[in-house]
Asks: 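Please find one structure pasted underneath; my questions will follow.
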Protein chains: 2
Amino acid sequence: MKKNPEYGVLRAEYLQGCSVEVALNIIGGKWKGMILYTLLDGTKRFNELRQIIPGITQRMLTLQLRELEDCGIVQRVVYPEVPPRVEYSLTEFGQTIKPVILQIREWGSSYKKAMGGHLKQSNSN
Amino acid sequence: MKKNPEYGVLRAEYLQGCSVEVALNIIGGKWKGMILYTLLDGTKRFNELRQIIPGITQRMLTLQLRELEDCGIVQRVVYPEVPPRVEYSLTEFGQTIKPVILQIREWGSSYKKAMGGHLKQSNSN
DNA sequence: CGGAATCCGCCCTGATACTG
DNA sequence: CAGTATCAGGGCGGATTCCG
């Protein structure tokens with residue numbers, strides 16, 4: 001999901017595959033979920049996102065935001081100021097992903113609870 | 001999520017990160033979603049999965065199933081027959097992922113509907 | 001039938017430096 | 001502040017071969 005150099009254009013590849021694949025192409029990946037989860041909270045500036053999401057590099061944040069923008073999920077607004085200010089937020093359609101992300105989070109939480117005690121201490125070998 | 005050579009052991013890395021990341025580590029990736037979606041339907045044999053999931057290679061199916069097994073989401077049952085028969089199914093806890101996958105599919109479906117008409121024909125340039 | 005093992009290319013990702 | 005440019009490495013994933 002990262003070959004077309006033309007930004008701001010919904011690419012056909014985002015619509016390939018069954019519905020499950022289409023959705024996971026958008027919210028899957030290493031950073032997309034966290035970015036979207038962060039944006040559920042409301043509009044965020046670039047460096048805000050960088051601080052909230054642990055471990056993400058500037059490059060990756062930029063690239064992933066571009067893809068989400070291309071998907072029509074995230075909106076990017078540039079304010080012509082000095083120093084520049086860029087704000088990211090969910091688009092109107094992007095808002096519809098909120099219950100999905102929240103349910104994913106809930107399941108992840110229950111998974112941690114269920115599996116937290118099952119960690120083998122055999123890695124002390 | 002693919003370095004530990006010891007199978008059948010829940011690895012700590014599956015529990016790292018916030019709940020959203022934990023969940024997406026399990027259902028994200030290129031094939032996991034489709035595999036889980038297929039298994040929602042019930043127990044499947046190895047080659048059944050291979051036929052149902054378009055484009056997956058034997059290697060990838062094996063690797064992804066192993067990871068899902070390590071996560072405690074998928075159960076692998078080997079029948080000592082000739083020729084061998086191996087059946088995969090969701091574990092009891094794995095069943096809890098069903099509403100998540102279904103909601104992901106639903107969102108993907110609405111995404112296709114919403115964006116299907118927005119494809120730029122500008123690639124005819 | 002259901003794998004395991006090996007080889008290998010590509011691209012994803014990180015690190016670093018530079019810019020408007 | 002919010003990027004872009006460039007380079008380098010590692011691992012993801014495909015193709016192929018072999019096995020019980």
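Throughout, a chain's letter reflects where its sequence line sits, starting with A, and its residues are numbered from 1. All values derive from a computational prediction rather than experimental measurement.
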Asks: Scan A/Glu81 against the nucleic acid and name what it touches under 4.0 Å (heavy atoms): base, sugar-phosphate only, or nothing.
Replies: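 Nothing, no nucleic acid heavy atom in range.
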Asks: Do the charged groups of A/Lys30 and B/Glu21 touch, with an N to O distance under 4.0 Å?
Replies: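 Salt bridge between A/Lys30 and B/Glu21, a charged N being under 4.0 Å from a carboxylate O: no.
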Asks: Tell me: NZ of A/Lys32 to P of C/dT13, nearest whole Å?
Replies: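 Spelled out: NZ on A/Lys32 to P on C/dT13 is 9 Å.
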Asks: D/dT4 phosphate, OP1 or OP2: any side-chain N/O from A/Arg66 under 4.0 angstrom?
Replies: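 For A/Arg66, the contact criterion (side-chain N or O under 4.0 Å from OP1 or OP2 of D/dT4) is met.
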Asks: Whole-Å distance between D/dG3 P and A/Asn47 CG?
Replies: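 Rounded to the whole Å, the gap is 9 Å.
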Asks: Go through C/dG14, C/dG3, C/dC1 for me and flag the one nearest to the A/Met60 side chain.
Replies: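 Given the options C/dG14, C/dG3, C/dC1, the side chain of A/Met60 is closest to C/dG14.
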Asks: Could you state the CZ-C1' distance from A/Arg45 to D/dA2, rounded to the nearest angstrom?
Replies: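 Rounded to whole Å, this separation is 9 Å.
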Asks: Does a side-chain N or O from B/Arg76 land closer than 4.0 Å to OP1 or OP2 of C/dG3, or not?
Replies: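 The answer is yes; a side-chain N or O of B/Arg76 sits under 4.0 Å from OP1 or OP2.
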Asks: Please figure out whether A/Trp31 or A/Pro83 has its closest DNA chain C nucleotide nearer the 5' end.
Replies: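 Per heavy-atom nearest nucleotide, the more 5' residue is A/Trp31.
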Asks: Taking 4.0 Å as the cut-off, does a side-chain nitrogen or oxygen of B/Tyr88 come that near to OP1 or OP2 on C/dC1?
Replies: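 Negative; the distance criterion is not met.
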Asks: Regarding A/Tyr79, tell me which of base, sugar-phosphate or nothing describes its non-hydrogen contacts under 4.0 Å with the strands shown.
Replies: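 It contacts nothing in the nucleic acid.
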Asks: Would you indicate, yes or no, if D/dG14 has its OP1 or OP2 atom less than 4.0 angstrom from a side-chain nitrogen or oxygen of B/Lys30?
Replies: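 Answer yes for this pair, as a side-chain N or O of B/Lys30 is under 4.0 Å from OP1 or OP2.
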Asks: Which residue lies toward the 5' end of DNA chain C, A/Gln58 or A/Gly29, if each is placed at its nearest nucleotide?
Replies: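 It is A/Gly29 whose nearest nucleotide is closer to the 5' end.
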Asks: Specify the separation, in whole Å, of atom CZ of A/Phe46 and atom P of D/dA2.
Replies: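 These atoms are roughly 8 Å apart.
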Asks: Rounded to whole angstrom units, what separation is found between the CD1 atom of A/Ile56 and the C1' atom of C/dC12?
Replies: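 These atoms are roughly 13 Å apart.
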Asks: Could you state the CG-P distance from A/Leu65 to D/dC1, rounded to the nearest angstrom?
Replies: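 Result: 17 Å.
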Asks: Within this structure, what is the CD1-to-P distance between B/Ile53 and D/dG14, rounded to whole angstrom?
Replies: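 It works out to 12 Å between those atoms.
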Asks: For B/Arg105 and B/Tyr37, which I'm curious about, is there any donor-acceptor pair between the side chains at under 3.5 Å?
Replies: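 Looking only at side-chain atoms, B/Tyr37 and B/Arg105 do form a donor-acceptor pair, the distance falling under 3.5 Å.
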Asks: OP1 or OP2 of D/dG14 less than 4.0 angstrom from a side-chain nitrogen or oxygen of B/Thr57, does that happen here?
Replies: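 Yes, B/Thr57 has a side-chain N/O under 4.0 Å of OP1/OP2 on D/dG14.
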Asks: How long is the line joining CD of B/Gln64 and P of D/dC12, in whole Å?
Replies: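 The distance from CD of B/Gln64 to P of D/dC12 comes to 10 Å, rounded to the nearest Å.
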Asks: Using a 3.5 Å distance criterion without hydrogens, assess whether the side chain of B/Glu48 forms a donor-acceptor pair with backbone atoms of B/Arg45.
Replies: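 Here the side-chain-to-backbone pair exists.
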Asks: Short question: side chain of A/Ser109, backbone of B/Ser19 - any donor-acceptor pair under 3.5 Å?
Replies: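 Judged by distance alone, no pair lies under 3.5 Å.
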Asks: Under 3.5 Å, is there any donor-acceptor pair linking the side chain of A/Arg59 to the base of D/dT6?
Replies: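 For A/Arg59, whose side chain was compared with the base of D/dT6, there is a donor-acceptor pair (under 3.5 Å).
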Asks: Less than 6.0 Å separating the ring centroids of A/Phe93 and B/Tyr111?
Replies: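 Yes; B/Tyr111 has its ring centre under 6.0 Å from that of A/Phe93.
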